[in-house]
Amino acid sequence: MVEALAKKRRLPFPAMDNEIPITDSDWCREALATHRVRELEAIIAGSETARKFSESDLIVPVDALDEANLHDLHTDSVRPRFRMSEYVEHLELVLTAAGRLCFIDPYIDPAHREYGDFLELLIRAGTRTPKPHLEIHRKCSYRLPGEAEKIHKDENVWRSVFASWDESLVQRGVSARVLIWDDFKLRYLISDLIGLHLGKGFKTNKHPTDRDQWSRLSRKDREDIDREFDKDGNSPSHKLWCAFNIGAASTD
């Protein structure tokens, strides 16, 4: 499994040792070295290898996972302030390792000041190698300058709404897919690694005490929401009005 991730360049951290790990003990030493750079929750190893590193509480024998209470090692929810720096801190591993990232927020808007920092998140995720598939999902009602809010189904209207992000992403060599749906209310981040329910989405502000609530989704819920916002428009509950690319691959 580790070998497959390495071949696909999906490991988020570089090797700690100049020598390529070969034995199970080598990999344990590599993991412990990584832990000194980025804190790990646990290192799962074979029983015999774990006994060799019995002085480390971090290494868990694979045949004793039930006793290790690994479910207690992670957090099911966090309460970040509305700061992009905190969003990046919580999402760092997802941004650096996920193959697909779906930002689902009915109100995401390049012209709105509270979404001004969201572009940084797209660029941070999209400039790594290998590049992930990025998707932006929002609803079709929108208020253009000088107009009341109304439903817009015309792709050209939405291309103009996202024109500023299109230009910025082109300059950074990043591409993203924008999908405009009929209507929805909740906000999520869906990836091939994890799903999150986000209270206020990716808005940011400078209020010193305001906090949002992010919660981890179960695998079933993540898969259900992924189907609900199917990138090919095959949703069981929503109508996809239009979809187009922005950024480096903006030609459909």
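Heavy atoms only: backbone and side chains are in, while hydrogens, waters and symmetry mates are out.
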- Between atom CG of L119 and atom CG of L169, what is the distance when rounded to the nearest 0.5 Å?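 Those atoms lie 5.5 Å apart.
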Please work out whether the ring planes of F229 and W181 are parallel, tilted or perpendicular, with thresholds of 30° and 60°. perpendicular
Requested in this report: If the plane angle is over 60° it's perpendicular, under 30° parallel, otherwise tilted; pick one for H197 and Y188.
Outcome: tilted
Under a 3.5 Å distance rule, please check whether [X] uses its side chain to pair with a backbone N or O of [Y] as donor and acceptor.
X    : Y    : answer
S168 : S164 : yes
S56  : F53  : no
K231 : R177 : no
D26  : T23  : yes
W158 : H152 : yes
T49  : A45  : no

Note, [X] side chain near [Y] side chain (heavy atom, < 4.5 Å):
X    : Y    : answer
R159 : F244 : yes
Q213 : S215 : yes
V178 : N245 : no
P110 : V161 : yes
F118 : D105 : no
K200 : E114 : no

Short N-O contact, [X] and [Y], less than 4.0 angstrom:
X    : Y    : answer
D226 : R100 : yes
D230 : R227 : no
R81  : E86  : yes

What do the steps show when you test Y115 against K203 for side chain to side chain contact (heavy atoms under 4.5 Å, CB included), and what is the final call?
CA-CA 5 Å; Y115 287 99; K203 290 182 175 181; 3.5 Å; yes
How about [X]: does its [atom1] atom have over 12 heavy atoms from other parts shown lying under 6.0 Å from it?
X    : atom1 : answer
R83  : CZ    : yes
R143 : CZ    : no
E149 : CD    : yes

Any luck finding a side-chain donor-acceptor pair between [X] and [Y] under 3.5 Å?
X    : Y    : answer
S235 : E228 : no
H133 : E135 : yes
T204 : D117 : yes

Taken in chain and number order and not counting sequence neighbours, the residues that satisfy ring-ring contact (aromatic ring centres under 6.0 Å, His included) with W241 are none
Within one Ile-Leu-Val-Met-Phe-Trp-Tyr cluster: I180 and W165, side-chain cutoff 4.5 Å:
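Linked, I180 and W165 end up in one cluster.
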Count I, L, V, M, F, W, Y as connected when their side-chain heavy atoms are under 4.5 Å apart, and connections chain through other members. Are V157 and I108 then in the same cluster? yes
